[in-house]
Protein chains: 2
Amino acid sequence: MEKRMIHLDETDLAILELLQEDARITNVALANQLKMAPSAMLERVRKLEEKGVVKGYSAAIDPLAVNRELLVFIFIKTKDSFANDKSARALAAIPQVMEVHHIAGDDCYLVKARLSGPMELMEMKRSKFSKIPNIISMRTTIVLETVKESSHISIEK
Amino acid sequence: MEKRMIHLDETDLAILELLQEDARITNVALANQLKMAPSAMLERVRKLEEKGVVKGYSAAIDPLAVNRELLVFIFIKTKDSFANDKSARALAAIPQVMEVHHIAGDDCYLVKARLSGPMELMEMKRSKFSKIPNIISMRTTIVLETVKESSHISIEK
DNA sequence: TGTGAAAGGCGTACAGC
DNA sequence: GCTGTACGCCTTTCACA
């Protein structure tokens, strides 16, 4: 199931840039900035959504304001075979887990999670991670300070 | 300069949840779902923005569609003192670098970056990282597959 | 903080190019 | 794929509870 190659022109890339900067920009403002009619802009944005180029729109929340001050990265070794991603899916299902990456090298998975504090981290390991049978070992790295955290993908070319 | 504690009620948390799920939801739809008048909803959202609880709104873009298929994590040791975050700011200024975290343990910084491929990774190291004088060493971990990648912060309590 | 009404602007569909 | 028009709904403000 190969993903069909998608061609994006300069206008599409400019739209993506503006939508990344402010997802709540109005269609008219978008059209004005790129000197197009609103109806044409609407059609382009719709197509970008349909093709899956735009996967969604999200508000960025200050973690401090919602009591999610502790950010951790956890390296997890499993005895999953290559064809089996059961552990990965179990990890991804945990609400506090924001990212699960299969990485090259010794460690199998890299998990990024946001929690209220150390107590919730222990609780998560006890009640969730311990139920995932294929996990062999874990190494947890605690973030002391976040200098930059953005989901903005730099676009060019 | 202590950050003033912010109190968020149930309605605020519900708003944040809905805005994280779809930042382009209309104010009226938001008001209907939480059974409020649109004008009252508008005021609440404004205040959440002003207080910095909502830091912004962003579109999630498929990295594949914009030629940013390679995701890497780089562990960087520096000889920065605790009071000096010059290296961190230099790293954060690189467009392909999405995250810079100061982490506990041996490594000083954890950097997350998105690139078109290995060539751009080498190019970034050569032209950007090598110009940051305090860097002592780097260890790069390549992501083979991303199972989950979300900026959605799980809210409760 | 909340509601409701009023005005202007925006989203959206559609016809035509 | 883009433009322009037209209608209905949404955003926003303001007076008031």
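In what follows, chains are A, B, ... by sequence order, proteins preceding strands, each numbered from 1.
Closest to the A/S39 side chain, of the nucleotides C/dG2, C/dC14, D/dG1, is C/dC14. Distances were taken from every side-chain heavy atom of B/P38 (C-beta onward) to each of C/dC10, C/dG2, D/dT12; the shortest belongs to D/dT12. Ranking D/dT13, D/dT3, D/dC10 by closeness to the B/R46 side chain, first place goes to D/dT13. Of the candidate nucleotides C/dC14, C/dG2, C/dC10, C/dC10 has the atom lying nearest to any side-chain atom of A/T26. The listed nucleotides are D/dT13, C/dA13, C/dG2; the one nearest the side chain of B/L42 is D/dT13.
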Exercise. Can you give the dot-bracket line for DNA chain C, using ( ) for pairs inside the strand, [ ] for pairs that cross earlier ones, | for pairs with another strand and . for unpaired bases, where Watson-Crick and G-U count if both distances are under 3.5 Å?
Worked result: |.|||||||||||||||
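Of the charged side-chain nitrogens involved, at least one lies within less than 4.0 Å of a carboxylate oxygen, so that B/E43 and B/K47 count as a salt-bridged pair. The pair B/E49-A/R24 fails the salt-bridge criterion, with no side-chain N (NZ, NE, NH1 or NH2) lying under 4.0 Å from an Asp/Glu carboxylate O. In summary, B/D9 and B/R44 engage in a salt bridge, as defined by a charged side-chain N under 4.0 Å from a carboxylate O. Ionic pairing of A/R114 and A/E149 is present here: one or more N-O contacts between side-chain nitrogen and carboxylate oxygen are shorter than 4.0 angstrom.
If you look at A/H101 and A/Y109, their ring centroids are not closer than 6.0 Å.
Atoms CD (A/E49) and P (C/dG11) sit 13 Å apart, rounded to a whole Å. If you measure from atom CG of A/L30 to atom P of C/dC10, you get 13 Å, rounded to the nearest angstrom. Rounded to whole Å, the distance from CE on B/M41 to C1' on D/dC10 is 14 Å. Between A/L34 atom CG and D/dC2 atom C1' the separation is 14 Å, expressed in whole Å. Residue B/H7 contributes atom NE2, which lies 15 Å from atom C1' of C/dT1 at whole-angstrom precision. As rounded to whole Å, 12 Å separates atom P of C/dT3 from atom CG of B/N32. With rounding to whole Å, A/N27 atom CG is found 7 Å from C/dT12 atom P. Between B/M36 atom CE and C/dG4 atom P there is a gap of 12 Å when expressed in whole angstrom units.
Relative orientation of the A/F75 and B/F75 rings is tilted, given thresholds of 30° and 60° on the angle between their planes.
Of the possible donor and acceptor atoms, none in the side chain of A/E69 sits under 3.5 Å from a partner among the backbone N and O of A/P63.
The phosphate of D/dC2 has neither OP1 nor OP2 within less than 4.0 Å of any side-chain N or O from A/K35. Phosphate contact (OP1/OP2 of C/dG11, side-chain N/O of B/R24, threshold under 4.0 Å): absent.
Residue A/V28 is in sugar-phosphate contact alone, with no base atom involved, counting any heavy-atom pair closer than 4.0 Å across all strands shown.
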